[in-house]
Amino acid sequence: MDFADWVRSAVAAIPKGSTRSYKYIARAAGSPRAYRAVGNILNKNRDPNVPCHRVIKSDGSLGGYYYGSRAKARKLKEEGYVSR
DNA sequence: CGTATGACGTGCA
DNA sequence: GTGCACGCCATAC
């Protein structure tokens, strides 16, 4: 179980309609300081089983997305998440 | 193996 | 409240 695998599992554990921050995932992965790596891993990770679009910045911003931040906001909206 | 990059976070102006 | 700069970890080249 590598750090990336653990991150993927934590992201996959996010309930539909909910969002978690990169820092939260990093903490769940065992490295609270690895939030940079979390974003990097998800960026290279294209596993459809990992709803990485549910991972946003801790300040409430959507952050980025490999397919485009617009698509990310759109998916979240489809799941019932409303940015405020 | 070493260097550079990146979907971040926090602090200070 | 907004903007700029620094620090950090893991991965990719």
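Below, each value reflects all heavy atoms present in this structure, side chains not excepted, and no hydrogens, waters or symmetry copies. A note on names: the letters A, B, ... follow the listed sequences, proteins ahead of strands, and every chain is numbered from 1.
- The two residues Arg54(A) and Leu76(A) come nearest to each other via the heavy atoms CA-CD2, 3.9 Å.
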Close N/O contacts between protein and nucleotides 11-13 of chain C (under 3.5 Å):
none

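- Nearest heavy-atom pair across Ala10(A) and Ala28(A) is CB-CB, 4.2 Å.
- Every pair tested for side-chain hydrogen bond (donor to acceptor under 3.5 Å, both in side chains) that includes a residue from residues 26-38 of chain A fails, sequence neighbours excluded, so the list is empty.
- Rounded to an integer number of Å, the gap from Asp59(A) CG to dG3(C) P is 12 Å.
- The OH-C1' distance, from Tyr67(A) to dA7(B), rounds to 12 Å in whole Å.
- Within 6.0 Å of OH in Tyr24(A) there are 12 or fewer heavy atoms belonging to other residues, nucleotides or ligands.
- Here dC8(B) presents its P atom at 11 Å from CG of Leu62(A), a figure rounded to the nearest Å.
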Start with the C-alpha distance between Tyr22(A) and Lys57(A), add both sets of side-chain angles, then the distance that settles side chain to side chain contact (heavy atoms under 4.5 Å, CB included), and finish with yes or no.
CA-CA 6 Å; Tyr22(A) 291 94; Lys57(A) 293 181 58 167; 4.1 Å; yes

For the pair Tyr67(A) and Lys75(A), evaluate side chain to side chain contact (heavy atoms under 4.5 Å, CB included) and give the outcome as yes or no after the intermediate values.
CA-CA 11 Å; Tyr67(A) 302 96; Lys75(A) 275 176 172 257; over 6 Å; no

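- In the region residues 11-34 of chain A, proximity to DNA chain C at under 4.0 angstrom, judged on heavy atoms, holds for Arg33(A), Ala34(A).
- The base of dC9(C) does not come close enough to the side chain of Arg36(A) for any donor and acceptor atom to sit less than 3.5 Å apart.
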Would Ile56(A) and Tyr81(A) count as a side chain to side chain contact (heavy atoms under 4.5 Å, CB included) if you check the C-alpha gap in whole Å, the side-chain angles of each, and the deciding distance to 0.1 Å?
CA-CA 12 Å; Ile56(A) 62 174; Tyr81(A) 174 77; 3.9 Å; yes

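- Residues Leu62(A) and Ser69(A) approach most closely at CD1-O, 4.5 Å, considering heavy atoms.
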